[in-house]
Amino acid sequence: MTSQLVQSVDWLTIAPPVLTAAVALAVLVADLFVPPERKRLLGWTAIGGLTAALALLVPLRAGDRSTFCLTPDTRVAACSYTADHFTLVVQLLVLGGALLTALLSLDETRERLPAGEYWFLLLSSAAGAALLPASRDLATLVVALEVASLPAFALVGLKRGDRMSGEAALKFFLSSVTATAVTLLGASFVYAATGTLHLTEIAQRLDDVPGQLQTLAEAGVALTLVGFAFKTATVPFHFWVPDTYVGAPLPVAAYLSVVGKAVGFTGLILVTVVAFPSYADVWGPALAVLAALTMTAGNVAALRQLSTRAWSAVRLLAWSSVAQAGYLLVPIAAAAYSSDDQIGATVAYALMYAVVNLGAFAVVALVARVRPRNRIEDYRGLYATSPAAALALAFFLLNLAGLPPGIIGLFAKVTVFSAAVDAGLGWLAVVMALNVVIALYYYLRWTALLFRTPEEAPGEAPAGAPEETRERSPEGTRKGAAAPRRAPAPLTLAIALTAAAGAVLSGYPQFVLRFAASGLF
């Protein structure tokens, strides 16, 4: 009995999320003493902390460490924190995504957002997101999920005095709190039926639940899955996404589209594949149906976006994010019919999506400096005024569509498609193929707009006329040609990093696709 009370602690193993949380506290305290003209230092401190947290993943690359275990022998004990290959890849994704978000945010915090609060909330959320993939018991999993989610509510509503920002934060808060309540209820039912919180032990005990507790166990599994369906924005729990993305500051919308999504899908993978494999005949078909509904609803809604509607560019990316969630669900559903190795396809796709979607949001943030209403029409002729930004956005959109030269986007989609076929889910593969065709239209429509000739505003003077004689649109610039002002260096760096990462992955896709081939658990 005494051995069960021993908790081993490996500080190197838990260093990435711990360091991120420590830097968050340091930034919060430093904000009290740093004068307003030097608040930018807080942002660079946050970037340094995230870079150091990423560097701490290198000593853990063997993927064989665990801590907070019930006995000193971690090879046989049930542990609450495990740094395996799955954990490290997801931590790379979430910490890298947070780092790129921080680069996007430096200019925002200088001009529009309170710096101290923003950096503390971003780092706190990133710490929870880094903790979640390592969680191997339901209590740690739920705590990590909430540490990642609670600061995100405040980030969405941080534009003080903005009605849309407050409304977006409220919708996000209500949907997420509902998801948490359902998840906690499901976890409590599972604990009551099995007598344990550790995921591996739950998997063993669910095979031998007493008859009188069978209904309780089934209800717990179902409620837990419903709770994570909210977190992953799958249909019909996706209604909060477009309004939240539009109301949030653009860097926060980018963060939610990548890191927030990674958090939800990581939790879903852990509870389905690790904790509930004996109920694969229940969650497998359910996730397959949800995948089909989610990708279809997201693509159809993105297709319907009017290019002249205010914030239509952000809305399109939001609905595209919903559709991508459907693709990410496919390998998880396939794992119920074949093997856990299918999970690697979800991770490979998530890595591709994280890089190119953050890049797309970075270009959108650049254009928003001149066109704050961010209509798709505002991107007409972007190549004529900002060739580098137009080429980068075109590359990101083609990756999301799965077309060359976005080779990594194509390979990632093929990998997900193969996972469905290998699992015998031919009907789901057909639905995915149809949705890819639908998505091609709106991605290519936006891409083509970048290279069209800019339109002249009605009554506009010729190009050589004096500046004061030119008619201006409400945003203060000529209609059509969205010529951004000189971009801040951090924003330019974010675009360059994501474009370079996308190009490297397209040239060397094996780096990502090997996860899909070998599995991660």
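Formation of a donor-acceptor pair under 3.5 Å by the Arg380 side chain with backbone atoms of Glu377 is not found in this model. Remark: side-chain polar atoms of Thr178 are paired, donor with acceptor, to backbone N or O of Leu174 under 3.5 angstrom. For Thr296 (side chain) and Leu293 (main-chain N/O), no donor-acceptor pair under 3.5 Å exists by modelled atom type. At distances below 3.5 Å, at least one donor-acceptor pair connects side-chain atoms of Ser312 with backbone N or O atoms of Ile376. Of the possible donor and acceptor atoms, one in the side chain of Ser175 sits under 3.5 Å from a partner among the backbone N and O of Lys171. A donor-acceptor pair under 3.5 Å links the side-chain atoms of Thr234 to the main chain of Ala229, judged by distance alone. Side-chain atoms of Thr20 come within 3.5 Å of backbone N or O of Pro16 as a donor-acceptor pair.
Between Met295 and Val330 there is a side-chain heavy-atom pair separated by less than 4.5 Å. The side-chain heavy atoms of Leu329 and Leu268, taken from C-beta on, include a pair separated by under 4.5 Å. Put simply, the side chain of Gln305 does not reach to within 4.5 Å of the side chain of Pro242, judged on heavy atoms. For the pair Val356/Thr498, no side-chain contact is recorded, criterion being any heavy-atom separation below 4.5 Å from C-beta on. Residues Leu425 and Tyr337 have side chains in contact (heavy-atom distance under 4.5 Å, counting atoms from C-beta outward). Side-chain atoms of Ser149 and Thr180, non-hydrogen and from C-beta on, never get closer than 4.5 Å to each other. A heavy-atom distance below 4.5 Å is found between the side chains of Leu132 and Leu141. Looking only at side-chain heavy atoms (C-beta outward), Trp427 and Val430 stay at 4.5 Å or farther from each other.
The minimum heavy-atom distance between Ala233 and Thr294, with the atom names listed, is O-CG2, 4.2 Å. Smallest separation of non-hydrogen atoms from Ala439 and Asn299: CB-OD1, 3.5 Å. Across all non-hydrogen atoms, the minimal contact from Ala297 to Val235 is CB-CG2, 3.6 Å. For the residue pair Ala419 and Ala334, the shortest heavy atom distance occurs at O-CB, 3.5 Å. For the residue pair Ala46 and Trp119, the shortest heavy atom distance occurs at CB-CE3, 3.7 Å. For the residue pair Phe228 and Leu145, the shortest heavy atom distance occurs at CE2-CD2, 3.9 Å.
The CZ atom of Phe265 sits 4.5 Å away from atom OG1 of Thr232, with the distance rounded to the nearest 0.5 Å. Note that the CG atom of Leu290 and the CG atom of Leu225 stand 9.5 Å from one another [nearest 0.5 Å]. Distance OH/Tyr245 to CG/Leu250: 12.0 Å, rounded to 0.5 Å. Here the OG-CG distance, from Ser124 to Leu155, works out to 9.0 Å after rounding to the nearest 0.5 Å. The distance from atom OG1 of Thr87 to atom NE2 of His85, rounded to the nearest 0.5 Å, is 10.5 Å. If you take CG on Leu100 and CG on Leu358, they are separated by 5.5 Å, rounding to the nearest 0.5 Å.
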Please table the atom pairs, donor to acceptor, closer than 3.5 Å between any side-chain atom in residues 406-414 and protein atoms at least two apart or in another chain.
unit_1 : atom_1 : unit_2 : atom_2 : d
Lys413 : NZ     : Tyr349 : OH     : 3.0
Lys413 : NZ     : Leu400 : O      : 2.7

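Annotation for Tyr383: atom OH does not count as buried by contact number, only 12 or fewer foreign heavy atoms lying within 6.0 Å. More than 12 non-hydrogen atoms from other residues, nucleotides or ligands lie less than 6.0 angstrom from CZ of Phe239.
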_side chain to side chain contact (heavy atoms under 4.5 Å, CB included) between Asn399 and Ser506, worked out_ = CA-CA 9 Å; Asn399 264 294; Ser506 292; 4.1 Å; yes

*Does the side chain to side chain contact (heavy atoms under 4.5 Å, CB included) test come out yes or no for Phe86 and Thr266, once each step is laid out?*
CA-CA 9 Å; Phe86 174 78; Thr266 299; 3.8 Å; yes

*Does the pair Ser307 and Trp446 meet the rule for a side chain to side chain contact (heavy atoms under 4.5 Å, CB included), with working shown?*
CA-CA 9 Å; Ser307 62; Trp446 192 355; over 6 Å; no

*Would you check, one step at a time, whether the test side chain to side chain contact (heavy atoms under 4.5 Å, CB included) holds for Tyr379 with Val364?*
CA-CA 9 Å; Tyr379 293 77; Val364 167; 3.4 Å; yes

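Ring planes of Phe172 and Trp240: parallel class, angle under 30° (limits at 30 and 60°).
Within the structure, side-chain hydrogen bond (donor to acceptor under 3.5 Å, both in side chains) contacts touching residues 98-107 (residues at least two apart or in different chains) are Ser105-Tyr118, Asp107-Arg110, Asp107-Arg369.
A salt bridge links Lys231 and Glu146; the closest N-O separation between the charged side-chain nitrogens and carboxylate oxygens is under 4.0 Å.
Judged by the 6.0 Å distance and 45° axis criteria, Arg373 is positioned over the aromatic ring of Trp311.
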